[in-house]
Each structure stands twice: as structure tokens, then as C-alpha cells.
Protein chains: 2
Amino acid sequence: MGTAKLLDSQWRSSYVTQRLKAFAQRCRERGMSVTPQRLGVIKALLTCENHPSAEEVFVRVRRHQKHISLATVHRILEQFCRVGEARKVTPLHDTARYDGHVEPHHHVVCVGCRCVRDVEIPEADRLLKSIPNLGEFAVLGGSLEVYALCAKCRSKSQKTSNRRNSRPKTKSEAACLSVQAT
Amino acid sequence: MGTAKLLDSQWRSSYVTQRLKAFAQRCRERGMSVTPQRLGVIKALLTCENHPSAEEVFVRVRRHQKHISLATVHRILEQFCRVGEARKVTPLHDTARYDGHVEPHHHVVCVGCRCVRDVEIPEADRLLKSIPNLGEFAVLGGSLEVYALCAKCRSKSQKTSNRRNSRPKTKSEAACLSVQAT
DNA sequence: AAATCAAGTAGTAATTATTATCATGTAGTT
DNA sequence: AACTACATGATAATAATTACTACTTGATTT
Ligand SMILES: [Mn+2]
Ligand SMILES: [Mn+2]
Ligand SMILES: [Zn+2]
Ligand SMILES: [Zn+2]
């Protein structure tokens with residue numbers, strides 16, 4: 001038996017206060033101004049236990065800021081992801097991907113072009129089998145998503161390594177980069 | 001060093017022929033009629049190495065079936081997922097979720113209501129650290145997505161266990177089931 | 001202090017992915 | 001060949017996200 005366990009809300013709340021305390025500080029270091037909207041979003045995001053959607057964050061912030069715009073929440077959340085203040089639970093796809101290969105297996109995803117490849121990782125399978133439950137959750141299976149850079153994107157990012165963020169920000173941009181299929 | 005490795009296209013092509021051979025058979029067993037559209041979609045899906053999107057499948061099928069509709073492709077792909085003929089690479093979210101917790105960690109996702117919880121799995125972290133690369137991919141990190149059933153959904157699915165598929169099929173349906181946040 | 005400037009936002013339009021609707025077509029059966 | 005339940009095409013509707021634009025505000029310069 002392993003040491004896997006749920007992170008409890010006690011842990012979470014101490015993490016939250018720690019993160020919240022220095023938020024304004026970190027903003028200034030990054031040259032971002034500290035606005036009520038940004039404070040509202042980071043607070044809602046950290047406070048909410050639920051991996052909330054943009055919409056959910058919006059609703060929460062609006063409790064205290066009647067006039068905040070949903071578009072602003074989207075913008076701020078994406079910005080937070082760029083600067084490392086938040087992350088998407090699934091940065092993998094903007095749109096669903098399908099796989100004809102239905103036996104259990106894992107994936108590598110290139111964070112540059114978002115191409116996906118199948119991977120076999122027996123250790124991960126063994127690991128998953130060794131976890132029958134996580135707190136109240138009855139484990140059914142799982143999938144290891146490995147984030148990586150493919151060869152093309154590695155060479156590409158060397159040339160542009162001094163640019164700002166190499167991750168494509170818009171769908172159209174991502175589409176331009178994406179590798180052509182057969 | 002472990003035994004993790006990419007599944008090569010040689011493996012894939014034998015898998016494809018094997019799957020394709022009995023496809024019509026399996027359809028009939030499930031009471032699904034075998035249409036040119038479904039044949040086109042399964043073939044495109046299996047042939048294409050790329051974990052294609054619905055749009056990409058659509059483009060491929062259209063090469064041979066000029067008049068096929070994108071809506072049909074969506075419909076068929078979702079159906080394939082329901083009957084086990086395909087799977088979403090990320091069945092997790094219909095819409096992006098955000099997390100204020102940026103340190104590396106893993107997630108459990110309830111396949112019923114799609115609620116998400118943080119998990120700590122040191123073995124998975126060790127495992128990931130032990131894989132510096134996968135073929136041409138330079139590994140950066142990764143995340144284990146554990147699929148599970150939460151307590152609520154377990155009791156719910158007992159009552160409705162003889163229904164068809166317990167997974168919510170539409171967003172509105174999922175919304176109805178989803179657990180209320182604080 | 002007035003003018004200038006830049007960053008950020010609200011409100012809204014546009015875009016994109018997905019699902020619903022419904023009239024028509026067809027695969028599987030008799 | 002005829003029948004019928006299921007499938008499809010065409011299109012509308014919905015939902016998530018992003019783009020656009022005018023406006024606000026606070027800082028900087030004159
Ligand atoms: Mn796959
Ligand atoms: Mn998390
Ligand atoms: Zn790449
Ligand atoms: Zn659940």
C-alpha cells in the first residue's frame with residue numbers, strides 16, 4: 001500500500017492564506033497592476049475548493065463586485081495561467097480529441113504543438129492497480145498524462161527562446177503551429 | 001530505468017486491422033446498423049495516428065463521402081465513445097477548469113458528476129522523474145488523472161444501475177447532477 | 001494643475017465547438 | 001419489393017471563448 005491521499009481542506013486553507021498574502025507583491029514584481037478584479041479572481045480561485053470554471057469564478061466575484069464582466073474573468077484567468085498564478089486542470093486540449101485505441105494506455109502531449117502520442121507505462125498501470133480508493137472515491141482506472149516537448153517544438157523554441165511565452169495563446173495560433181497529419 | 005516506451009506505428013497498424021476486421025460484426029451485436037458514415041469514421045479514426053478532433057475526422061471522411069455532415073461525425077464519435085469503440089483522450093471536462101493550486105499535483109475525477117479533487121501521489125512523482133524522455137519527446141512533467149466514482153455518484157448509480165449508460169451525455173444533464181460548491 | 005499616456009475594464013460582437021430539431025433517406029428485416 | 005425503426009443532412013440553437021472598442025483611472029510629464 002502506498003502513501004497516496006487526498007489533500008484535505010485544512011492543508012488547502014493554509015496554502016490559500018500563504019498564496020494570498022504575497023499576491024499583490026508578486027503582481028508588482030511582474031509589473032502587473034493590482035486591481036480589484038484581479039484580487040477578486042485570485043481570492044475566488046483559491047477559496048473555492050472546486051476547480052471552478054470561469055463562469056463559477058465570475059459568479060463568486062460578482063457577489064462583491066456587481067459590475068465585473070465575464071470577459072474580464074476569462075482574461076484574468078488566462079493571464080494567471082500564463083504567469084503561473086493558476087493552471088488549467090487540463091491544458092491539453094481546447095477541443096475534445098478522440099482515439100480509436102480503446103485499451104487502457106497513457107499519453108505524451110507536446111506542450112508546444114499539442115500533438116499527442118500513445119505511451120505504454122507498465123509502472124503506472126501497477127501503481128493505479130495498487131490504489132483501490134482515495135478517500136470517498138472508488139478508483140476505476142486512470143491515465144498518466146505526460147507533458148513534454150516534441151523534437152520539432154524543441155528546435156523551434158531554441159530559436160525563439162528569448163521570446164515571451166512559447167505556448168500558443170489563441171486557437172488560431174495553435175492551429176498554425178500544429179503538425180500536419182498523414 | 002523503466003520500460004516506458006512509445007507505441008510504434010507498426011504496433012498500431014496491426015491493431016488497426018484487427019479492430020477494423022470485426023467492426024461490422026460488433027455493430028450488429030450491439031444492434032447498431034452498419035452505415036457508410038460509421039465505416040468512414042471508424043476507419044479515419046483508426047488510420048489517423050493523431051488523436052484527431054471531430055473536425056479532422058470529418059475532413060478525412062469527406063474525401064470519400066462528399067456529402068457527409070459534421071454533425072453526423074460528432075454524433076458518431078460520441079456514440080463510439082458510449083459503446084466503447086473510441087474514447088476521448090480527455091473525458092474530464094467539456095469546458096476548461098482552473099486551479100489556484102499551482103504546485104505539481106494529481107487529480108481524481110468522478111466519472112459520474114465530474115467533480116475533481118487534488119491528490120498527492122508520491123509514487124507517481126517518482127515515476128515521472130524517472131522518465132527523462134520518451135522517444136523524440138523531452139519530458140517536462142506530467143499528471144496522473146485517476147478516474148473514480150465519488151460517494152454520491154456511487155449511491156446514485158446503485159439506484160439506476162440497470163439504466164443504460166450512467167455517464168451524463170449532455171452538458172445540461174451533467175449540470176443537473178453536478179455537486180454544489182460552497 | 002493641465003495635458004499626456006498607458007494599462008485595465010465593461011459591454012458587446014464575433015467566433016468556434018457542440019448539440020438539438022426535424023424532414024428525409026436507408027439498412028436490415030420480412 | 002415493401003416496411004419500419006433507426007440514421008442522416010441541413011440548419012438552427014446553445015455555450016464557451018476571444019476580439020473589439022470606447023471609457024475609466026491612475027501615473028507621468030510638462
Ligand atoms: Mn491514445
Ligand atoms: Mn488541483
Ligand atoms: Zn510539438
Ligand atoms: Zn461524483
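Chain letters run A, B, ... following the sequence lines, proteins first and then strands; every chain starts at 1.
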With the side chain counted from C-beta on, respond yes when [X] and [Y] share a heavy-atom pair under 4.5 Å apart, and no when they do not.
| X | Y | value |
| --- | --- | --- |
| B:Glu56 | B:Cys48 | no |
| A:Lys43 | A:His64 | no |
| B:Val119 | B:Leu144 | no |
| B:Phe58 | B:His74 | no |

State which of [options] makes the closest approach to the side chain of [X].
| X | options | value |
| --- | --- | --- |
| A:His67 | C:dA10, D:dC6, D:dT8 | C:dA10 |
| B:Ser33 | D:dT8, D:dT18, D:dC6 | D:dC6 |
| B:Val34 | C:dG28, D:dT17, D:dA7 | C:dG28 |
| B:Thr35 | C:dA10, D:dA7, C:dT19 | D:dA7 |
| B:Pro36 | C:dA27, D:dT18, D:dG9 | C:dA27 |
| B:Arg38 | D:dA10, C:dG11, D:dA7 | D:dA7 |
| B:Gln79 | D:dA7, D:dG9, D:dT17 | D:dA7 |

Should B:Gln65 be listed as having a side-chain N or O under 4.0 Å from OP1 or OP2 of D:dT8?
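Negative; the distance criterion is not met.
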Describe the nucleic acid contact of A:Glu55 in one word from base, sugar-phosphate, nothing, applying a heavy-atom distance below 4.0 Å.
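A:Glu55: no heavy atom of the nucleic acid under 4.0 Å.
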d([atom1], [X]; [atom2], [N]) in whole Å:
| X | N | atom1 | atom2 | value |
| --- | --- | --- | --- | --- |
| A:Phe58 | D:dA15 | CZ | C1' | 15 Å |
| A:His74 | D:dC20 | NE2 | P | 17 Å |
| B:Ile76 | C:dT19 | CD1 | P | 14 Å |
| A:Leu70 | C:dG11 | CG | P | 12 Å |
| A:Ile68 | C:dT9 | CD1 | P | 8 Å |

Quick one: on DNA chain C, does B:Arg28 or B:Arg75 contact a more 5' nucleotide (nearest heavy atom)?
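Per heavy-atom nearest nucleotide, the more 5' residue is B:Arg75.
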For the atom pair NE2 (A:His106) and CD (A:Glu123), what is the distance rounded to the nearest 0.5 Å?
9.0 Å
Go nucleotide by nucleotide along DNA chain D from the 5' end; which of B:Met32 and B:Ala71 gets its closest nucleotide reached first?
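Nearest-nucleotide comparison on DNA chain D picks B:Met32.
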